[in-house]
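Everything on this sheet refers to the single structure shown next.
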Amino acid sequence: MSSVFALFSTICHTAVRARRIPANPCTGIRVSSGDYRAERQVATPVQVLRAALRLHYTLGRGGFVLCLLDAYTGARWSELVGLQPHEYDEVNGAIAVHRPLRESDGTLTKAPHTTTPTGKRRVQLPPFFDGLYRGLLSDTAGGAFVLTGPHGGQLRRGAFRARFWRPVWDGVPTSGQAWLRGPILPGFTFNEGRHTHRTWLADDGIPEVGRAARLGYRVPGMAEVYEHVTPETKTRILQALTRRWENSLTGIDHAERRKLASFVPEAADEHYRDEAA
């Protein structure tokens, strides 16, 4: 809109100089770009872990892992729900993002490729998360997709959001379970998990080229040509994410720790022990 107005103002100015009109009607008028960007929310590691615990209760282990994948990989919804068992890189402990899931006219299919060339990538999982993902692969052995619904069906964005994601973050005041009633971060969207991941990496001092490679987008300008992701940067990313995970374990309360220990015993063994047991 602003570019159109600028062109119109130029034409009017030319008309004034040619004495076709007495004055430029655009003089003194300011037009903004018209862009509007809603403020993005960023979750803390503790909030992500709490949401993951709730998703485990309502959706099972797959829900727990999906919530953590959202924040700890920054991958898109279509990239995560489209993951298949053979796309896991056991050597490097990474998920391969090659063919995201595409939903069209109610039909879910694997896209032939990512939207952009930079979207095709391997996202390495932190050591603690690699074990969780391997466990999920064992649970879903023989299935076409790694992350599925309660009965093994494919996850659909709208149904997942309404049935699972929104109640987790907004809370369910009428729930019979007290720990599910209060909100965690009202209005938090799945896409904001991607924003959260990038913000975490920025706060941890990861360079732009490292963040871009992990999230699958291009860096602007000459940096795309002359800057590259080194093994040291990859190591720093995994270390930073591991620290955030460990801090989240100490940030949840005792009841939440018990819930986590019931299905992730290795976390309990490493970071806290129930002295009363």
Side-chain angles (χ1 to χ4, degrees), residues 43 47-89 94-112 114-115 119 123 125 129-177 179-181 183-194 196-197 256 259-260 262-264:
Q47 289 172 325
V48 170
L49 180 53
R50 285 195 168 122
L53 287 171
R54 290 185 177 185
L55 270 175
H56 181 271
Y57 179 79
T58 58
L59 188 55
R61 182 182 288 269
F64 179 81
V65 172
L66 177 57
C67 187
L68 294 181
L69 281 171
D70 182 35
Y72 282 88
T73 70
R76 301 172 177 86
W77 163 265
S78 60
E79 296 171 340
L80 293 176
V81 297
L83 290 173
Q84 295 182 294
H86 70 272
E87 293 174 326
Y88 174 67
D89 180 354
I95 56 174
V97 179
H98 293 161
R99 298 179 60 199
L101 200 63
R102 179 173 56 190
E103 184 171 350
S104 177
D105 296 328
T107 302
L108 296 171
T109 57
K110 291 277 281 186
T114 55
T115 304
V123 184
L125 303 177
F129 204 170
D130 183 52
L132 289 173
Y133 195 76
R134 286 174 182 264
L136 184 61
L137 287 175
S138 298
D139 293 346
T140 58
F145 294 92
V146 179
L147 300 159
T148 61
H151 305 293
Q154 288 178 291
L155 290 170
R156 296 177 180 272
R157 187 192 301 265
F160 172 81
R161 179 174 57 243
R163 185 178 175 187
F164 299 106
W165 192 258
R166 288 271 51 86
V168 159
W169 289 95
D170 300 344
V172 184
T174 59
S175 174
Q177 299 284 335
W179 67 289
L180 300 175
R181 294 173 191 160
I184 295 176
L185 187 58
F188 187 79
T189 66
F190 196 90
N191 182 254
E192 285 176 323
R194 183 170 169 83
T196 292
H197 185 72
E256 292 168 326
K259 291 181 177 66
L260 179 63
S262 67
F263 62 93
V264 190

Quiz item: What do the steps show when you test Lys259 against Trp179 for side chain to side chain contact (heavy atoms under 4.5 Å, CB included), and what is the final call?
Solution: CA-CA 11 Å; Lys259 291 181 177 66; Trp179 67 289; 3.3 Å; yes

What is the distance from atom [atom1] of [X] to atom [atom2] of [Y], rounded to the nearest 0.5 Å?
X	Y	atom1	atom2	value
Ile184	Arg50	CD1	CZ	7.5 Å
Tyr88	Leu136	OH	CG	11.5 Å
Leu68	Thr73	CG	OG1	10.0 Å
Thr114	Arg76	OG1	CZ	8.5 Å
Phe190	Leu69	CZ	CG	8.0 Å
Glu256	Leu53	CD	CG	6.5 Å

Least distance between heavy atoms, [X] atom then [Y] atom:
X	Y	result
Cys67	Ala52	SG-N, 3.6 Å
Ala51	Trp169	CB-CZ2, 3.4 Å
Arg102	Lys110	NH2-O, 4.4 Å
Ala43	Val48	CB-CG2, 3.9 Å
Arg161	Pro167	O-CD, 4.1 Å
Pro85	Leu137	CA-CD2, 3.9 Å

Minimum side-chain heavy-atom gap [X]-[Y] below 4.5 Å:
X	Y	answer
Gln84	Val146	no
Arg181	Val172	no
Trp77	Leu155	yes
Val264	Leu132	yes
Phe160	Val81	no
Val65	Tyr133	yes
Thr58	Arg54	no

Self-check item: Close aromatic pair by centroid cut-off 6.0 Å: Tyr57 and Phe64
Solution: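 Ring centres of Phe64 and Tyr57 not closer than 6.0 Å.
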
Quiz item: Is the Tyr72-His197 ring centre distance short of 6.0 angstrom?
Solution: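 No.
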
Practice problem: Check whether any side-chain N or O of Asp70 sits under 3.5 Å from a backbone N or O of Asn191 as a donor-acceptor pair, and report yes or no. | Solution: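 Absent.
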
Quiz item: Are the side chain of Trp165 and the backbone N or O of Phe188 linked by a donor-acceptor pair below 3.5 Å?
Solution: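 A pair under 3.5 Å: yes.
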
Exercise. Before accepting this row, confirm whether a basic side-chain N of the pair Glu103/Arg156 lies closer than 4.0 Å to the acidic partner's carboxylate O.
Key: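 A salt bridge is present here (some side-chain N lies under 4.0 Å from a carboxylate O).
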
Quiz item: Would you call Glu79-Arg99 a salt bridge at under 4.0 Å N-O?
Solution: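 Looking at Arg99 together with Glu79, the answer is no, because their closest N to O distance does not fall below 4.0 Å.
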
Quiz prompt | Stepwise salt bridge (Lys or Arg N to Asp or Glu O under 4.0 Å) check, Arg61 with Asp139 | solution = CA-CA 9 Å; Arg61 182 182 288 269; Asp139 293 346; 3.2 Å; yes

Exercise. Please say which of Thr140, Leu80, Leu101 ends up in a side-chain contact (heavy atoms from CB on, under 4.5 Å) with Leu147.
Key: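 Per the side-chain contact (heavy atoms from CB on, under 4.5 Å) rule, the option paired with Leu147 is Leu80, out of Thr140, Leu80, Leu101.
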
